[in-house]
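Report on the structure given below.
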Amino acid sequence: MPVDPRLKNKGIDEIFEAILQLNNVEECYRFFEDICTVKELKAMAQRLAVAKMLEAGAKYSDITSQTGASTATISRVKRFLDFGADGYKLILERLRSEGTSQS
């Protein structure tokens, strides 16, 4: 699926290239601690947890109680799982194949 042209630019390319240079989880912590707020990181982690649960067939009420995500967040993640650029699907499949997808 093609990338949304509104997203694509040199600055974002550089951020993604920087992320691809990270070698392990510890380096990710160090980089993301400098580049994101704690709230932003927790929001990204929450969205990934929501995506995992949606893919597993969990109900919105269960997702809310386990992740603290609002129904608006759950709906947004669901919309991207169903109609997005398949980024969630790509990473969830890779996490499963690597055996690193902890629920």
Side-chain angles (χ1 to χ4, degrees):
M1 174 164 279
V3 173
D4 184 334
R6 298 172 296 174
L7 179 64
K8 190 120 173 83
N9 70 46
K10 185 176 175 11
I12 293 174
D13 285 351
E14 288 177 352
I15 289 290
F16 293 154
E17 289 295 332
I19 291 167
L20 291 171
Q21 298 303 310
L22 300 169
N23 293 318
N24 54 50
V25 172
E26 179 61 30
E27 288 184 2
C28 288
Y29 270 103
R30 291 172 57 196
F31 179 69
F32 281 94
E33 184 175 337
D34 286 351
I35 201 165
C36 295
T37 65
V38 171
K39 186 175 180 178
E40 290 167 334
L41 278 170
K42 286 184 176 184
M44 286 188 279
Q46 182 186 64
R47 289 181 204 129
L48 182 59
V50 167
K52 286 180 190 178
M53 293 182 75
L54 284 169
E55 188 179 58
K59 296 177 185 175
Y60 276 37
S61 58
D62 293 333
I63 297 170
T64 296
S65 66
Q66 290 184 37
T67 67
S70 68
T71 55
T73 295
I74 298 167
S75 294
R76 188 176 314 114
V77 172
K78 175 78 169 138
R79 185 171 55 249
F80 285 113
L81 274 171
D82 292 342
F83 306 110
D86 291 337
Y88 279 120
K89 290 177 185 176
L90 174 72
I91 202 63
L92 292 172
E93 177 60 35
R94 288 189 182 164
L95 288 170
R96 266 193 312 277
S97 69
E98 292 290 321
T100 60
S101 182
Q102 307 294 319
S103 294

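Computed from heavy atoms alone, side chains included, the values below leave out hydrogens, waters and symmetry copies.
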Is there a donor-acceptor pair closer than 3.5 Å between any side-chain N or O of T64 and the backbone N or O of S70?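 The answer is no, because no donor-acceptor pair under 3.5 Å joins these two groups.
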Does [X], at its [atom1] atom, have more than 12 non-hydrogen atoms belonging to other residues, nucleotides or ligands within less than 6.0 Å?
X	atom1	answer
Y29	OH	no
F32	CZ	yes
E33	CD	no

Could you please spell out the steps behind the salt bridge (Lys or Arg N to Asp or Glu O under 4.0 Å) verdict for K89 and D86? CA-CA 5 Å; K89 290 177 185 176; D86 291 337; 3.8 Å; yes
hydrophobic_cluster_shared for [Y] and [X], side chain cutoff 4.5 Å:
X	Y	result
I12	L22	yes
Y88	Y60	yes
M44	V25	no
I63	F80	yes
F16	F31	yes

Grab the two heavy atoms, one from [X] and one from [Y], that are nearest each other, plus how far apart they are.
X	Y	value
A49	T67	CB-CG2, 4.1 Å
A51	L81	O-CD1, 3.9 Å
E40	I35	OE1-O, 4.4 Å
E27	Q21	OE1-O, 4.1 Å
I74	L54	O-CD1, 3.8 Å

Salt bridge (Lys or Arg N to Asp or Glu O under 4.0 Å), that's the test. Do K10 and E14 meet it? Break it down for me. CA-CA 6 Å; K10 185 176 175 11; E14 288 177 352; 2.8 Å; yes
What distance separates I15 CD1 from L20 CG, expressed to the nearest 0.5 Å?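 Those atoms lie 11.5 Å apart.
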Starting at CD1 of I91, measure out to CZ of R96 and round the result to the nearest 0.5 Å.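 If we round to the nearest 0.5 Å, I91:CD1 and R96:CZ are 11.0 Å apart.
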Is it true that E55 and K52 have a side-chain N and a carboxylate O under 4.0 angstrom from each other?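 Looking at E55 and K52, the cut-off is not met.
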Applying side chain to side chain contact (heavy atoms under 4.5 Å, CB included) to L48 and V77, what does each step give before you reach the verdict? CA-CA 8 Å; L48 182 59; V77 172; over 6 Å; no
